[in-house]
Amino acid sequence: MAATLNPSPVVFATPTSTPLTTQHEAKTMSKDSPPLVSFKHCTGLDELKQLHGQILKQGLNHNHSYISKVISTCAQMGTVESLTYAQKAFDLYKNDNETNGTLFMYNSLIRGYSCIGFAVEAILLYVELVGFGILPDKYTFPFVLSACTKSSAYREGIQLHGAIIKLGFENDVFAENSLIHFYGERGEIVDGRKVFEEMPERNVVSWTSLICAYARRDLPKEAVDLFFKMVEEGTKPNSVTMVCVISACAKLQELELGQRVCAYIGDLGMKVNTLMVNALVDMYMKCGAVDTAKQLFDECDDRNLVLCNTIMSNYVRLGLAREALAILDEMLLHGPRPDRVSMLSAISASAQLGDLLWGKWCHGYVLRNRLEGWDAICNAMIDMYMKCGKQEMASRIFNHISNKTVVSWNSLIAGLIKNGDVDSAREVFGEMPERDHVSWNTMLGALTQENMFEEAMELFRVMQREGIKADRVTMVGVASSCGYLGALDLAKWIYIYIEKNKILCDIQLATALVDMFARCGDPQSAMQVFNGMEKRDVSAWTAAIGAMAMEGNGERAVELFNKMLQQGVKPDGIVFVGVLTACSHNGLVEQGWHIFRSMKEIYGISPQIVHYGCMVDLLGRAGLLGEALDLIKSMPMEPNDVIWGSLLAACRKHQNVDMAAYAAERIIELAPEKTGVHVLLSNIYASAGKWTNVAKVRLHMKEKGVRKVPGSSSIEVNGKIHEFTSGNESHPEMNDISLMLHEMNCRLRDAGYIPDITNVLLDVDEQEKEYLLSHHSEKLALAFGLINTSQRMPIRVVKNLRMCSDCHSFAKLVSKIYDREIVVRDNNRFHFFKQGFCSCSDFW
DNA sequence: CTAGGGTTAG
């Protein structure tokens, strides 16, 4: 627009007509001329159009006072229609008078356009105004800057900053405040701060704008600090300030701080308006004070839509979907009428519950009220139908979306994964037009969840190659995969990577790191991360307790558990599993019973079947087989195959063949597909020398097509993970490994090692048994480790099954004869071998 | 004239 305009300055300072109050002006008006006050009583656009018509009819279009009134009144109505009309009136005025508008007209229009979000039009009008050589005034800058802010017109904003300085408005509080807001919304907070610092005088809006900027840029701490500084320096906060600072407290999730800030509301005798109630309810909910929030909500007379939406969305976020839907019910009965934001929460709530009825009802409401045009609603519905298991319905909605965003694709992928269709998810991932970090994180999470850890790490490497920035969520997935791989070098690299890239280490990520180090057999690092955490929730404690359990340090695990209770962290069912497992690894029968009983008696948590499983394991390992069986019989629920499996394992350790057979039969009844049972059962018979029974089990396995899960061990050397399976000789360095194994066997035999062939299931001759035994996967990995790692390095092996007792003795001796620390993680815990001893003291 | 609340996927 501006480019085609004549840039020569048109002096507009001379009015084309004198003010209305003068005699001259009065004469030009007919008797029926509408008085200017009639604009004040103008209620709608139609009325205004009539007034404008009268003015035109009376030939008053040259009178800028009238036309200015028309334009400004129109613009203030703030609708697209009214602005279009204002623009028309403006153009007509300019045509009839062969001149430009007045500054006041420009200001009115710019403000109006900015208000309805037509920022480009507002900026173009400014350009036009300057093009005509009209000098902007102090009213112009706030309007046009707010337009720049809304349309992210960065270059224009910067130019305006220049103009403000050039035209001598840099000491104008309003212009400067608008600049602070502009920079703040752009994320250029340093520039905003600079403007703020250089202001000769500031008012409450200057402070508030900067506080708001910090709060929005995820620097809530700075926002709150600035608030205190503001009060200290004697500027009284108003309700807007309070809304901003309370939202900062919500982000910090610090209830006490929030309450301290709120104290100013009462101290200053501030009236609490709806926006403040809303901010308060939001803050309390984000800080975990759900009851306080609900109370405030209930006491609020003005249940407006936003307030309802705030409480609903928070309920959904907290996983309280039922409560969210209760609010919706309330709204449907007594108002306010749910809008698309309410429905977004309602659809998410239905998704969370997997409640198809509610979901379908929401879908219907959306259609009846024509809310479906909004992307977010459709995306939420994809998620909802997927979570309700209605893949087809979800896909249908996806296909009907005309404007598919990356979120639509991500919802589809996540949904496919939830329905167990990882292959399709991978396919869609490959097809989608653009991928954002959520897409990558979703896939990474899926691979981790599906135990495809190496694939997950590979995907992470692809991310690196493609320059996708990893964030917290990425690293949680990566850390978790690494933990399962048990690759300590990789773990250390990940830890450094997070520090180097300044990835925010929140509770979840720190917890993932604790777990990762624990699974990689480095409990020291795990505890170091844990001790460095600022806040610890029950999951964090669970990870630390798990680290101790895996190390076999039951006493320390129980200690940690007690410390957690002391610090007032409420235990959940999961942490009890952790601590009871720790007890069972160390035979802490008394403490285990004590903790188990406290579950219900003190914490009101009814033990679930897993907790009984832990106890059966604890009693069984300790040799209290009768007590274990009694517990199983006293359980309030039917024992499952896992429970009997624990008992079976215990029977094997303590050589109770009869009870073992009983337990095994129960398992085969409950879960005939469980291959491990057959193997274990034959092992029991084998170790008792009952070869007829072994043959029977083997026959049964053959008939059912059950195959033993092959033992596999992996070892990380120079960042690469080498995997060995029992008896598989495909590794490229197999020759060296065989030679090494032979040498090891010789040296060990000289030291008095006798292979414990009771672990060999097959009924073959002694020599062959020895051969099979000497090729157990962990032995291959050990030999490989001895060849390929330096003397001072511990050898770390990860095994998928439980270590057999022969390999256990073997590793003990190797650790002594080769003077090497050996760390083996089996599917249950760690074994640290050193100088002929194992950390488990042979109790595992 | 400038500043303020609720919004889907991992």
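Every chain is numbered from 1, with letters handed out A, B, ... down the list of sequences.
Counting non-hydrogen atoms under 4.0 angstrom, A:Asn238 reaches a base of the nucleic acid. Among the atoms of the strands shown, none is found under 4.0 Å from any heavy atom of A:Ile377. When heavy atoms are screened at a 4.0 angstrom cut-off, A:Asn314 is found touching no nucleic acid atom at all. Within the 4.0 angstrom heavy-atom criterion, no nucleotide atom of any strand lies near A:Thr140. Contact annotation for A:Asp339: base contact, defined as any heavy-atom pair under 4.0 Å involving a base atom. Using a 4.0 Å heavy-atom criterion, one finds that A:Ala414 contacts the sugar-phosphate atoms exclusively. Nucleic acid contact class of A:Thr208 (heavy atoms, under 4.0 Å, all strands): base. Nucleic acid contact for A:Asn304: base, since at least one base atom lies under 4.0 Å from a heavy atom of the residue.
Cation-pi geometry between A:Lys138 and A:Phe169 is not satisfied (NZ or CZ under 6.0 Å from the ring centre, within 45° of the ring normal).
Note: CD1 (A:Ile401) to C1' (B:dA9) measures 11 Å, nearest angstrom. Between A:Lys150 atom NZ and B:dC1 atom P there is a gap of 14 Å when expressed in whole angstrom units. Rounding to whole angstrom units, CG of residue A:Asn203 and C1' of B:dC1 are separated by 12 Å. In this structure, CG of A:Asn278 is placed 9 Å from P of B:dG5, rounded to the nearest angstrom. With rounding to whole Å, A:Gln352 atom CD is found 14 Å from B:dA9 atom C1'. Atom CD in A:Glu201 sits roughly 14 Å away from atom C1' in B:dT2 (whole-Å rounding). The CZ-P distance, from A:Arg472 to B:dG10, rounds to 14 Å in whole Å. Protein atom CD1 of A:Ile180 is 10 Å distant from nucleotide atom C1' of B:dT2, rounded to whole Å.
For A:Arg216 and B:dG4, the shortest distance from a side-chain N or O to OP1 or OP2 is below 4.0 Å. For A:His181, no side-chain nitrogen or oxygen approaches OP1 or OP2 of B:dT2 to under 4.0 Å. The side chain of A:Lys418 places an N or O atom within less than 4.0 Å of a non-bridging phosphate oxygen (OP1 or OP2) of B:dG10. Dashed line: the shortest gap from a side-chain N or O of A:Arg435 to OP1 or OP2 of B:dG10 is not under 4.0 Å.
For the pair A:Phe174 and B:dC1, the ring geometry qualifies as stacking, because the centroid separation is below 5.5 Å while the planes lie within an angle under 30°.
Of the candidate nucleotides B:dT8, B:dA3, B:dC1, B:dC1 has the atom nearest to the side chain of A:Phe143. Nearest nucleotide to the side chain of A:Asn273, out of B:dG4, B:dT8, B:dG10: B:dG4. The A:Val407 side chain lies nearest to B:dT8 when the options are B:dT2, B:dG5, B:dT8. Of the candidate nucleotides B:dC1, B:dT8, B:dG4, B:dC1 has the atom nearest to the side chain of A:Lys138. When each of B:dA9, B:dT2, B:dG10 is scored by its nearest atom to the side-chain atoms of A:Ser178, the top-ranked nucleotide is B:dT2. Here the nucleotide nearest the side chain of A:Leu275, chosen from B:dG10, B:dG4, B:dC1, is B:dG4. Closest contact between the side chain of A:Thr274 and the listed nucleotides B:dA3, B:dG5, B:dT2 involves B:dG5. The side chain of A:Pro142 lies closest to B:dC1, out of B:dC1, B:dT8, B:dA9. Listed nucleotides: B:dA3, B:dG10, B:dG5. Nearest to the side chain of A:Thr442: B:dG10. The side chain of A:Val243 sits closest to B:dG4 out of B:dG4, B:dT8, B:dT2.
Taking the six-membered ring for Trp and thresholds of 30 and 60 degrees, A:Tyr183 and A:Tyr154 have ring planes more than 60 degrees apart, a perpendicular arrangement. Relative orientation of the A:Tyr113 and A:Phe118 rings is parallel, given thresholds of 30° and 60° on the angle between their planes.
Using a 3.5 Å distance cut-off with no hydrogens or angles, the side chains of A:Asn399 and A:Arg396 do not pair a donor with an acceptor.
Two rings, from A:Phe227 and A:Tyr264, have their centers less than 6.0 Å apart. Ring centers of A:Phe460 and A:Trp440: at least 6.0 Å apart, outside the cut-off.
The closest donor-acceptor contact from the side chain of A:Arg217 to the backbone of A:Gly184 lies at 3.5 Å or more, if one exists at all.
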